[in-house]
Number of protein chains: 2
Amino acid sequence: MQVTIKDIAKKAGVSYATVSRALNGRSGVKEETKELILEVAKKMGYQPNAIARGLVLKHTHTLALVIPDITNPFFPEIARGAEDAASLLGYSIFLCNTNWDTDKEKLYLKTLQEKRVDGIILHPAHNDGETHLYDFQIPMILLNKIPGIAEYSSIEIDNVRGGFIATKHLIEAGYKKIAFIGGTESSPSNAERKEGYKLALKKYNIPIDESLIINGKFKSESGYESLKKLIDSGNTPDAVFGGNDVIALGVLHCAQEHGLRIPEDFGIIGFDDIPYASLPQIQLTTIEQPKYQMGKRAIELLVRVLKAEEDSEVIRMILEPKLKIRKTTRNVSRKLDK
Amino acid sequence: MQVTIKDIAKKAGVSYATVSRALNGRSGVKEETKELILEVAKKMGYQPNAIARGLVLKHTHTLALVIPDITNPFFPEIARGAEDAASLLGYSIFLCNTNWDTDKEKLYLKTLQEKRVDGIILHPAHNDGETHLYDFQIPMILLNKIPGIAEYSSIEIDNVRGGFIATKHLIEAGYKKIAFIGGTESSPSNAERKEGYKLALKKYNIPIDESLIINGKFKSESGYESLKKLIDSGNTPDAVFGGNDVIALGVLHCAQEHGLRIPEDFGIIGFDDIPYASLPQIQLTTIEQPKYQMGKRAIELLVRVLKAEEDSEVIRMILEPKLKIRKTTRNVSRKLDK
DNA sequence: TCATTGTTTGAAAACGATTACAATATATAT
DNA sequence: ATATATATTGTAATCGTTTTCAAACAATGA
């Protein structure tokens, strides 16, 4: 049925050890024999069996990408970056959606261990209670750090800085009453972005008004509701920094419904730069996360630790967030022109 | 290093055949011994080696999803549907992006063969020149049929019907001059949607005006340009059926820029129902493809043929497109109310 | 010609599981 | 107690590779 190395050996009249050597380009095979073997292999349609090879070599050239949900617009680009890098380096990738469920995450990690993947890149479902990560056998790098688990390398972006830049942009564009509408309070990235927000206000000597800081969920509806509450209570801000783009989109929707003129009287900035944000009909100003790069770098880092003989040290790679000015905030330079 | 079945056998004082039997719940092991073995295995932290198992069993419980580009908003839901179904059935999934490149597709198919995946679900990069699919060894099911390759089962949607429904909706909403702005002319799905468009016009005795049928690319810019040309040449339609949502979005953008009142004076319908379409700021009327279902069904079908002993026959599963009326077309029922 | 060296090759063990078959232990019937 | 059937266990082959070690061969120099 399946053509094996032995079949080739028989037909070529050599031992299968020689065939293996020839096929893998090992030295110590006469050029002549090698050519013969290669030809026979081709003629017979030989397909090496990676399973058998994996068994003896103890690696599979397979990696896994474990993320919450590929359907979330934040992840496809990461996945793409990861896959491009992996395929370039000769690795295949398992895609695993945890659906933000720690139990499913555990389960996946278990199967991945059984399937002997060489390494894993994981975006944890939650940032707490990830105790199952402690005694983990397989090299792993984290997207988003988990506070308290120091043993894994990670790729992160500087959320504090991102929050700072976002708020600074709003201030420089002349907005005065700037609200922060965030996601889950327990999420570290949310906390960090908020910290950046406060930092910027402080730097420009703007008092921090806690009534303008709202925690909700990383959902569009949450952004919508939060702004609505602010407006209904007569506490309408003239700009908001959304904890992520999805929230900002909800905010935008609400603002539009209330007839606020954007960006003239009301500015909105998000975070992530998901594909939606750049749609001509949306044009959301936001902080870009280098998503493709995150995926790519994560794989490259992972492969580097795989190749390293000794236990490599823990590395934290911090990527820079970048301001993308579009149409939901006043353009600073235009303002300066006046 | 790694705990094997032999280690367990030694510690439990039995042969490793018995261990294997106990671990796999095979009959013919005394309850007592079985419990002992299970306990020892647990205590030693045994992780079965799927590679070794795969070698003898000749299956890997691994599938692959080969698609053009996970970054394209059409695919994440398919991927999610596929993965959910697969994980429920005990399979893992390789994610492979061909980037619309037949060579890369070929290469992936080769590695997947070497890695001995049990089956593949493939959305071909192109619908022609896929000759490498002919002598393929591994069970495969196609997303989108390839004309002329009859040997594979496939999951499709009825594009002709989708095109028909879309156009019918436009007609019933009272639009008179309906253009079709399509994607790549060579793409079968495009041709089929166009056919549905013509069918609907015929049914309502509307003459087909070839100047209102435009072929371009499946890109937003293409939709934008195509409508612009129509407008510039004084041939402005009062509605357009876009070959897919991305095109329709480009059309929408152009229409908005030209101050056309949507949906009062100008109607737009797309195809696919990508996530963008339902954004509150967009609200594009469209034809929904059951993307999640497509992924799910594809996996289920694939697994069914894997489990079937005999060569199962070729199955074509045709899914139904569904009209999603949103805000870029007049609502039919409202019109009827008058 | 013979020892010495370097190249090619082959035999066999190993990777970690499953399973057919044989062997042993236990239970049942006479 | 003996023969027979049944339940439990062990031995060894197998899956398709890679690789160590030793054997065979060819080439070189004395």
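In what follows, chains are A, B, ... by sequence order, proteins preceding strands, each numbered from 1.
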When you measure from the side chain of [X], which nucleotide among [options] comes out closest?
| X | options | result |
| --- | --- | --- |
| A:K58 | C:dT8, C:dA17, C:dC15 | C:dC15 |
| A:K30 | C:dT8, D:dT17, D:dC15 | C:dT8 |
| B:A52 | D:dT18, C:dA17, C:dT19 | C:dA17 |
| A:L55 | D:dT17, C:dA17, C:dG16 | C:dG16 |
| A:V56 | C:dT18, D:dT8, D:dG16 | D:dG16 |
| A:N24 | C:dG10, C:dA17, D:dT18 | D:dT18 |
| A:T33 | C:dG10, C:dT8, C:dT18 | C:dT8 |

Quiz prompt | salt bridge (charged side-chain N to carboxylate O under 4.0 Å, His left out) between A:E114 and A:K110, intermediate numbers included | solution = CA-CA 6 Å; A:E114 293 188 359; A:K110 181 160 161 279; 3.8 Å; yes

State whether [X] places a side-chain N or O below 4.0 Å from either non-bridging phosphate oxygen (OP1 or OP2) of [N].
| X | N | value |
| --- | --- | --- |
| A:Y16 | C:dA13 | no |
| B:R53 | C:dG16 | no |
| A:S15 | C:dG10 | yes |
| A:S20 | D:dT19 | no |

Quiz item: Of the non-hydrogen atoms in A:D272 and A:K291, which two are nearest, and what is the gap between them?
Solution: O-NZ, 2.7 Å

Quiz item: Do you know the tightest heavy-atom contact between A:P139 and A:V305?
Solution: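 What the structure gives for the nearest pair is CB-CG2, 4.1 Å.
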
Calculate the interatomic distance between [X] atom [atom1] and [N] atom [atom2]; express it in whole Å.
| X | N | atom1 | atom2 | answer |
| --- | --- | --- | --- | --- |
| B:N49 | C:dC15 | CG | C1' | 8 Å |
| A:Y46 | D:dG16 | OH | P | 10 Å |
| B:H59 | C:dA17 | NE2 | C1' | 12 Å |
| A:R26 | D:dT18 | CZ | P | 8 Å |
| A:I5 | C:dG10 | CD1 | C1' | 14 Å |

Quiz prompt | Of B:S27 and A:P48, the one whose closest DNA chain D nucleotide lies more 5' | solution = B:S27

Practice problem: Select from B:E31 and A:T18 the residue whose nearest nucleotide in DNA chain D is closer to the 5' end of that strand. | Solution: B:E31

Exercise. Decide, yes or no, whether a salt bridge links A:D69 with B:R80 under the criterion of side-chain N to carboxylate O below 4.0 Å.
Key: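 Judged by the 4.0 Å cut-off on N to carboxylate O distance, A:D69 and B:R80 do form a salt bridge.
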
Exercise. Record whether the side chain of B:R21 comes under 3.5 Å of the base of D:dG10 through a donor-acceptor pair of N or O atoms.
Key: yes

Quiz item: If you count the non-hydrogen atoms of other residues, nucleotides and ligands that lie under 6.0 Å from NZ in A:K104, is the total more than 12?
Solution: yes

